[in-house]
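Just below is one structure, and these are the notes that go with it.
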Amino acid sequence: MRATRRPGQARERGAHQLAFTVRRTVSRDRLPQLRQLLAEMAAPRGGTAPRIPFDQLTGVHFARLLLLDEVVDREGRTIDASLVYMSEVDAPLERHLAELCTLAAPALDAAFGLCTDYPEAPDAPRRRRFLCDNRVRAQAVYVNALGRTREQILREDRLHRAIEEFLDRERNRLPAEAPRVRAAIQRFVESDAALAWARRRAPAPSLRHRVAEAVHLVSWTVALLLLAPLALALLVPFVLVLRLHERRDEPELLRPDPDHARALGEIEDFGAQNQFSAVGFIKPGPFRRGLIAVVLFLIDFAARHVYVRGSLAGVKTIHFARWVVLDDRRRAIFTSNYDGSLENYMDDFIDKVAFGLNASFSNGVGYPRTRFLFFSGARREDEFKDHLRRRQIPTQVWYSAYQHLTLHNIENNALIRSGLFGTLSEPEVAAWLRRL
Amino acid sequence: MPEALEREDVQGLVVRGYGRLPFARYVVGEIVDGAAARSWLGSLAGEVAHGGEQDADAAVQVAFTAAGLRALGLPAEWLAGFSEQFLEGMLTAHRRRVLGDREDNAPEHWDWGGPQSAPIHVLLLVYAAGETTLAALLRRHEERLRAGGIRLLRAMETAPLDEREHFGFRDGISQPRLAGIGTASAADTVKTGEIVLGYRNAYRRFTPRPRVPATADPSGVLAADVERPDLRDLGRNGTYLVFRQLEQDVEAFWRYSADRARRADGTVDEAARARFEAKVVGRWHSGAPLALAPDADRPELGTANDFGYHHADAHGLRCPLGAHVRRANPRDSLDPAPGTRRSIAVNNRHRLLRRGRKYGPPASRDIDPGTPAAQAWSDESRGLHFICLVANIARQFEFLQHTWISNPHFNGLYDEPDPLLAAGSHPFSIPAEPVRERYAALPQFVSGRGGAYFFLPGIRALRFLATLPR
């Protein structure tokens, strides 16, 4: 039994997480075929369509394939339909690209092969070039716990379950004192070679990455401080122009189309997590386009350096989120992976981070009326929920590496591991045992 | 100053649970003749008890499903003003996931409201002070329903009202109070608009509601809309009524708790058994909350409702995190700031006004399981006709059902849905020192047997519906 377990000795590597995006146009005549293909790829079983073997792609936490329908923008220009691939994956990106181009080649060829300019005779280098050529950078990325790899999450899940099973098994033989219970658990873990890794701390991302992040933090902090007097001088004119826009902008105030809402509901609430994808036009004019760039920079900065572990300004249920500006800053897409239901997610938005949503999403066409950028907006509950649902689009193919775990579970598992060995005071031991 | 509730225009159930009318029956029917049904409703509207009435010895309330309103002749464009959940009903694949209606609880197994049974259109709730009054009233109403083009599908009896539900626990202790009805303590008070349409809700907004053009109401039956005076408010003083028939397998629950408390000689340690049951529910049989009475029942705390979890019991050592009442109303225990008014405020955006009653004969705890007497009572079905009133089905009832009750990950748990209500076999753990007790497989104790989303219109709206053209 033991021998068949995955060996625990394999070195656990630290890594930071990346948000990788690829987008390519789909010609109109191939759209139905692509839609059909994606539906087959998403179906739980059956069908002949090749699938991306996400479990085999190292370090992929979440991934999705999205179809952006053809739309006509406010100036009457057509934006072609496109296919988007997104993954939240452990660094390095090179490895992810290499695995996509080999392990996922059949699915990649089938799906992106229906897009324009996909290589005629695809091989790994040509696929890689295609992916790199069509890569889109995200303006802001949120990672719930920076540096927590998929491998770490899955290992710590196994550790937690092994300890729970041990406690169930030994229920009637456990000692009555907390330190002795912990010692028994320690002995159990030590006796299992497959859990040997649990005696070490979870590794951190590479030193190079950490230094780069520190440099980013310091240099931008200095730059922002230097820019502060200028920003202060511009504050009053900025607020005046902002208020002018806010008064003039028309909120949409429409209920979601019932068929659209039903289609979205059909792919929600299967496991502990859900996906969210929304796309919309950015309000025209240089003011809004400049403002959204600044706001997304600040969100990205805060996500990288402030909200780095467990909580995005009080919301503890978002695994990953990203904002990507598209089509010459005419449109933006927001995607996230979150715990619980959409209703819960939207309520969290309203109750806890309305200010942040208002600052970014209010630059989108049709958003509920805001005041001074941060206020009202999302707090207009009914208008906000309708707006989100109307902007939301179906996520055709979605993958989660740990559908059975919420962030609360993942964080608890990490704390079980970090408190398993080492010296703890008696109250700390009692607190640690309460995690089980 | 809270907006005062227009008591004369809400149906009485919004204001009171009719505790003084202990006998009740719920009748559901299908409208087969819209015109006849409208004239039935026209004559009934004046008799429907409103919230201003007191001391009557009987009361009648009436509610409709979306299909029922359609059958009455409400045009699709006005119907579209109702909420998505109400219009969709409980039966779509997505709603089933949200409500946890799977396995044995799937609507295919329901006695009414499921995909196989006739469409539910009308719900008539009849209350009376005495059994004979009820029987007479019911006969009269059933005749009128038939004459009104309504096919009677089911008359659901309820058990005479008392404080205990079938598992043996005092019930109905924690209820939100409406700000618009005066006296209330702060922690349990919700804005009138949380329950009744046409008033401001917790976000100081008016929950979306059905409205009709003024031209559709030439005689001015409806009130003008609060936000759009050019429209008439069909939703005003109405509320959504969620109905779920929940059958309780009392024998299974009591047998399970007895087995958990069996001594080596086979006898049952009744104190340990009561403790186990209390850990599942979160209150003792008397109603005393574990948060206040952790070690033994204290009947003097039987109606205690002014307490929180975070400060005295953040880890669930008194009341398990997964216990039924801690999930149904987590009070101050969840984010954003456990133990503070902010958490209570967020909690209170998910409250329900419960108005249900139990049905079926009581089970007797004294009867030895396995004997013919036990067989006799276990053959009879009993349970709860769960009814609640909310202004927003998604944010209140469905959120509670999905995010709190049936969520295996509630409050940091891993795989534990509500120990009392969950479908199928499920684990349950009781936090303890030095380490938790864990039960790997509690059986299913409660099964869904029927249900539907109804709308309980205001009195003016009832009159308006009776005058629909066509």
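- Panel note: side chain B/Asn407, backbone A/Gly340; no donor-acceptor pair is recorded below 3.5 Å.
- Atom CZ of A/Arg435 and atom NE2 of B/His315 lie 8.5 Å apart (nearest 0.5 Å).
- Here B/Asp335 contributes atom CG and A/Lys352 contributes atom NZ; the two are 5.0 Å apart, rounded to the nearest 0.5 Å.
- Residues B/Arg436 and A/Glu164 form a side-chain contact, since some pair of their non-hydrogen atoms from C-beta on lies under 4.5 Å apart.
- Within the 4.5 angstrom heavy-atom criterion, no atom of B/Leu87 approaches chain A.
- Most heavy-atom pairs under 4.5 Å with chain A: of the set B/Arg395, B/Arg438, B/Arg342, B/Glu437, this distinction falls to B/Arg395.
- Between B/Glu433 and A/Ala430 the shortest heavy-atom distance is OE1-CB, 4.5 Å.
- Between A/Asp382 and B/Thr207 the shortest side-chain heavy-atom distance does not fall below 4.5 Å.
- With a 4.5 angstrom heavy-atom cutoff, B/Ala93 does not touch chain A via any of its atoms.
- From A/Asp386, atom CG reaches atom CD of B/Glu84 across 9.0 Å, with rounding to the nearest 0.5 Å.
- Proximity to chain B (any heavy atom under 4.5 Å) is shown, for A/Asn413, by both the backbone and the side chain.
- Put simply, the side chain of A/His160 reaches to within 4.5 Å of the side chain of B/Tyr414, judged on heavy atoms.
- Nearest heavy atoms, B/Val435 versus A/Leu433: CG2-O, 4.3 Å.
- The OG1 atom of B/Thr403 sits 8.0 Å away from atom CG of A/Asp347, with the distance rounded to the nearest 0.5 Å.
- Chosen from A/Arg171, A/Met346, A/Lys316, the residue pairing most often with chain B at heavy-atom distances under 4.5 Å is A/Lys316.
- Looking at B/Ala337, there are no atoms closer than 4.5 Å to chain A (heavy atoms on both sides), in backbone or side chain.
- When side chains are defined from C-beta on, B/Thr92 does not count as touching A/Glu266, because their heavy atoms never get closer than 4.5 Å.
- Residues satisfying the ring-ring contact (aromatic ring centres under 6.0 Å, His included) test with A/Tyr338, not counting sequence neighbours, are A/Tyr345.
- Taking chain B as the reference chain and counting heavy-atom pairs below 4.5 Å, the highest number among A/Leu167, A/Asn412, A/Asn409 is found for A/Asn409.
- Taking both residues in full, the closest heavy atoms of B/Pro208 and A/Arg255 are given as CB-NH1, 4.2 Å, listed atom of the first, atom of the second, then distance.
- A/Ile267 touches chain B through its backbone: at least one of N, CA, C or O sits under 4.5 Å from a heavy atom, while the side chain does not.
- Residue A/Pro175 touches chain B through its backbone alone, counting heavy-atom pairs closer than 4.5 Å.
- Counting heavy-atom pairs closer than 4.5 Å to chain B, the top-ranked of the candidates A/Leu407, A/Ile350, A/Val429 is A/Ile350.
- Within the 4.5 angstrom heavy-atom criterion, only backbone atoms of A/Ala176 (N, CA, C, O) approach chain B.
- Here A/Asn274 pairs with A/Asp269 under the side-chain hydrogen bond (donor to acceptor under 3.5 Å, both in side chains) rule; sequence neighbours left out.
- Minimum interatomic distance between B/His409 and A/Ala272 (heavy atoms only, all atoms of both residues): NE2-CB, 3.5 Å.
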* Full working for side chain to side chain donor-acceptor pair (under 3.5 Å) between A/Asp351 and B/Tyr203 -> CA-CA 10 Å; A/Asp351 294 338; B/Tyr203 293 107; 2.6 Å; yes
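- Applying the 6.0 Å contact sphere to CD of B/Glu77 captures more than 12 heavy atoms from other residues, nucleotides or ligands.
- In summary, B/Asp415 and A/Arg161 do not engage in a salt bridge, as defined by a charged side-chain N under 4.0 Å from a carboxylate O.
- Interface check for chain A: of the options B/His402, B/Glu398, B/Glu88, the most heavy-atom pairs under 4.5 Å are formed by B/His402.
- With a threshold of 4.5 angstrom between heavy atoms, B/Arg95 does not approach chain A through any atom at all.
- Residue B/Arg262 places its CZ atom among more than 12 non-hydrogen atoms of other residues, nucleotides or ligands, all under 6.0 Å distant.
- B/Pro336 touches chain A through backbone and side chain together, each having a heavy atom under 4.5 Å away.
- Neither the backbone nor the side chain of A/Arg180 comes within less than 4.5 Å of any heavy atom of chain B.
- A donor-acceptor pair is defined here as one N or O able to donate and one able to accept, closer than 3.5 Å; such a pair exists between the side chain of B/Arg97 and the backbone of A/Gly265.
- With rounding to the nearest 0.5 Å, the separation of CD in A/Glu343 from NE2 in B/His350 is 8.0 Å.
- Nearest heavy atoms, B/Pro434 versus A/Val181: CG-CG2, 3.7 Å.
- The structure places NE2 of B/His94 at 5.0 Å from CD of A/Glu268, a figure rounded to the nearest 0.5 Å.
- Across every non-hydrogen atom of A/Glu381 and B/Asn392, the tightest pair is OE2-ND2, 3.6 Å.
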